[in-house]
Chemist: 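So that we are looking at the same thing, I have put the structure below in structure tokens.
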2 protein chains.
Amino acid sequence: METLTIGDFAARSGVAPSALRYYEREGLIRSTRTSGNQRRYERTELRRVAFIRIAQQVGVTLDEIRAALAELPENRTPTRADWARLSDRWRHRLEEKISLMQRLRDDLSGCIGCGCLSLNRCKLINPGDQFADEGPGARILLNPPASS
Amino acid sequence: METLTIGDFAARSGVAPSALRYYEREGLIRSTRTSGNQRRYERTELRRVAFIRIAQQVGVTLDEIRAALAELPENRTPTRADWARLSDRWRHRLEEKISLMQRLRDDLSGCIGCGCLSLNRCKLINPGDQFADEGPGARILLNPPASS
DNA sequence: CCTTGAGTTGAAGTGCGCTTCAACTTGCAG
DNA sequence: CTGCAAGTTGAAGCGCACTTCAACTCAAGG
């Protein structure tokens, strides 16, 4: 039992078989086939799925994840160093995300809750005093949630 | 110029007019109408939109946001205390989200990058040694990104 | 007045990340 | 060898959060 069936792989990875097939269609994971055309997964693929789920938690799209995974070697099983390189990149993204949320947390009560009337002095609504040249009035400067 | 047209409101809030109409249909924001049936927004609505965008950054659905906003008083402009109460709740959610990401960050290189073979001892893949009774083998225990 | 940019509606469309379905095939336990 | 759970496919569907479109009306400056 060197490889896993899609059912076992799904149980191990916590990802539904339909999602795994979807990931494969999208080029995020790989499988081999039995003589009868059934998928078989190597255990190392679990690492890919783990990476995918973690990246999704950080708010990364499958497109970006595919791009990242594409940097892993194609012809050999990725080494620890290969994964470390990728992980390091995502660690940076995580850090960025974390500090965004910390900023949000620190400013939330102070701004939303403040009832202040001078909105254009507010860090959350208008961080960095931008838009000063686009006429008066405060603007909300959060990114669209797409980048969440 | 007590109230804002949808165009001005969109510019101030950083949210497209189409999205504002959508939010209104969904019961997240309110507007009054002119005699000619055009929307006019009170400036206090900006606070609602700010709240919505912040909550979205934290990964909250519009459904949940609507539920939260429903706790604001209907018949009067929300006071600072009203907003503070709401903000405090979200601050907790933010804190949770932040610590999840910090855990992710701290474990990422150590686990994904480690190349370790004893997957079932890995914090990220199997935090808290759960599933020990569901047969051998590691499982990835991240939440689905829906909760992101 | 008249033009023109801004606003209105309902219905349909979009993109992402999957899930569901129907019709069919495999693989293993008894 | 059979029965049945588990696997296969392509196509369609779904939920969320919007956006786009067409056809129409409003508001305000010249």
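Every chain is numbered from 1, with letters handed out A, B, ... down the list of sequences.
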Chemist: dG7(D), OP1 or OP2 - any side-chain N/O from R39(A) closer than 4.0 Å?
Modeler: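 R39(A) to dG7(D) OP1/OP2: no side-chain N or O under 4.0 Å.
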
Chemist: Once you measure the plane-to-plane angle for F51(A) and W83(A), does it fall in the parallel (<30°), tilted (30-60°) or perpendicular (>60°) bin?
Modeler: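 Tilted: the ring planes of F51(A) and W83(A) meet at 30° to 60°.
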
Chemist: Check every atom of dT9(C), dG7(C), dT20(C) against the side chain of I6(B) and return the nucleotide holding the closest atom.
Modeler: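 For the I6(B) side chain, the nearest candidate turns out to be dG7(C).
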
Chemist: Assess whether atom CD of E42(B) is packed by more than 12 heavy atoms of other residues, nucleotides or ligands within 6.0 Å.
Modeler: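 Counting neighbours around CD of E42(B), 12 or fewer heavy atoms of other residues, nucleotides or ligands fall under 6.0 Å, so no.
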
Chemist: Of the candidate nucleotides dT9(C), dG7(C), dT19(D), which contains the atom at the shortest distance from the side chain of Q38(B)?
Modeler: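 In terms of side-chain proximity for Q38(B), the closest of dT9(C), dG7(C), dT19(D) is dG7(C).
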
Chemist: In terms of the nearest nucleotide of DNA chain C, which residue is placed more toward the 5' end: T5(B) or P17(A)?
Modeler: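 Whichever sits nearer the 5' end wins; that is T5(B).
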
Chemist: In whole angstrom, give the distance that lies between atom CD of E24(B) and atom C1' of dC18(D).
Modeler: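 Distance check: E24(B) CD to dC18(D) C1' gives 15 Å.
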
Chemist: Let's see if you get this right: which residues in residues 62-70 of chain B place a heavy atom under 4.0 Å from DNA chain D?
Modeler: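 Close to the strand are L62(B).
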
Chemist: If every non-hydrogen atom of R43(B) is compared with every non-hydrogen atom of T3(B), which pair is closest and at what distance?
Modeler: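 The answer is NH1-N, 4.5 Å.
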
Chemist: Within the pair R53(B) and dC18(D), is there a side-chain N or O less than 4.0 Å away from OP1 or OP2?
Modeler: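 The answer is yes; a side-chain N or O of R53(B) sits under 4.0 Å from OP1 or OP2.
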
Chemist: Just to be sure I understand the rule, does R40(B) reach a base, reach only the sugar-phosphate, or reach nothing, if contact means heavy atoms closer than 4.0 Å?
Modeler: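 R40(B): no heavy atom of the nucleic acid under 4.0 Å.
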
Chemist: Can you name the closest pair of heavy atoms from I6(A) and P17(A) and give their distance?
Modeler: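 Residues I6(A) and P17(A), closest heavy atoms: CD1-O, 3.8 Å.
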
Chemist: Nearest-Å distance, CG (L28(A)) to P (dG17(C))?
Modeler: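 These atoms are roughly 9 Å apart.
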
Chemist: From the options dG7(C), dA17(D), dT9(D), select the nucleotide whose nearest atom is closest to the side chain of T61(B).
Modeler: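 My answer, after comparing the listed nucleotides, is dA17(D).
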
Chemist: Of all the nucleotides listed (dA17(D), dT9(C), dT8(D)), which has the minimum atom distance to the side chain of R33(A)?
Modeler: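 Closest nucleotide to the R33(A) side chain: dT8(D).
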
Chemist: Measure the distance from OH on Y41(B) to P on dG7(C) and round it to the nearest whole Å.
Modeler: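 Value for this atom pair: 10 Å.
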
Chemist: Is T5(B) close to Y41(B) at the side-chain level, that is, under 4.5 Å between some pair of heavy atoms?
Modeler: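 No, every pair of side-chain atoms sits at 4.5 Å or beyond.
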
Chemist: Is the shortest distance from a Lys or Arg side-chain nitrogen in E45(B) or R30(B) to a carboxylate oxygen in the other one below 4.0 Å?
Modeler: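 Salt bridge flag = no for R30(B) with E45(B).
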
Chemist: Could you give the OH-to-C1' distance, from Y22(B) to dG15(D), as a whole number of Å?
Modeler: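 Computing the Y22(B):OH to dG15(D):C1' distance gives 9 Å.
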
Chemist: Tell me the interatomic distance from E26(A), atom CD, to dC16(C), atom P, rounded to whole angstroms.
Modeler: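 These atoms are roughly 9 Å apart.
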
Chemist: Would a 4.5 Å heavy-atom cut-off, applied to side chains only, mark R39(A) and R21(A) as touching?
Modeler: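 With C-beta onward as the side chain, the pair touches.
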
Chemist: Rounded to the nearest Å, what distance is computed from the CG atom of residue L20(A) to the C1' atom of nucleotide dA6(D)?
Modeler: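 Roughly 14 Å, once rounded to whole Å.
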
Chemist: Taking only N and O in the side chain of T34(A), is any of them less than 4.0 Å away from OP1 or OP2 of dT26(C)?
Modeler: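 For dT26(C), OP1/OP2 do not have a side-chain N/O of T34(A) under 4.0 Å.
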
Chemist: Report the residue (N37(A) or G7(B)) whose heavy-atom-nearest nucleotide on DNA chain C is the more 5′ of the two.
Modeler: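 Mapping each residue to its closest nucleotide by heavy atoms, the 5'-most match is G7(B).
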
Chemist: If you assign R25(A) and R25(B) each to the DNA chain D nucleotide with the nearest heavy atom, which residue ends up on the more 5' nucleotide?
Modeler: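 The answer here is R25(A).
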
Chemist: R21(B) CZ to dT9(C) P: how many Å, rounded?
Modeler: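 Interatomic distance, CZ of R21(B) to P of dT9(C): 7 Å.
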
Chemist: Y23(A) side chain N/O closer than 4.0 Å to the phosphate oxygens (OP1, OP2) of dC18(C)?
Modeler: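 So the side-chain polar atoms of Y23(A) do come within 4.0 Å of the phosphate oxygens OP1 or OP2 of dC18(C), strictly under.
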
Chemist: Could you pull out the closest heavy-atom pair between N37(A) and R33(A), with the gap in Å?
Modeler: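 Smallest heavy-atom distance, with atoms named: O-NH1, 3.0 Å.
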
Chemist: Roughly how many Å is it from CD in Q57(B) to P in dA17(D), rounded to a whole number?
Modeler: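 For the pair Q57(B) CD and dA17(D) P, the rounded distance is 14 Å.
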
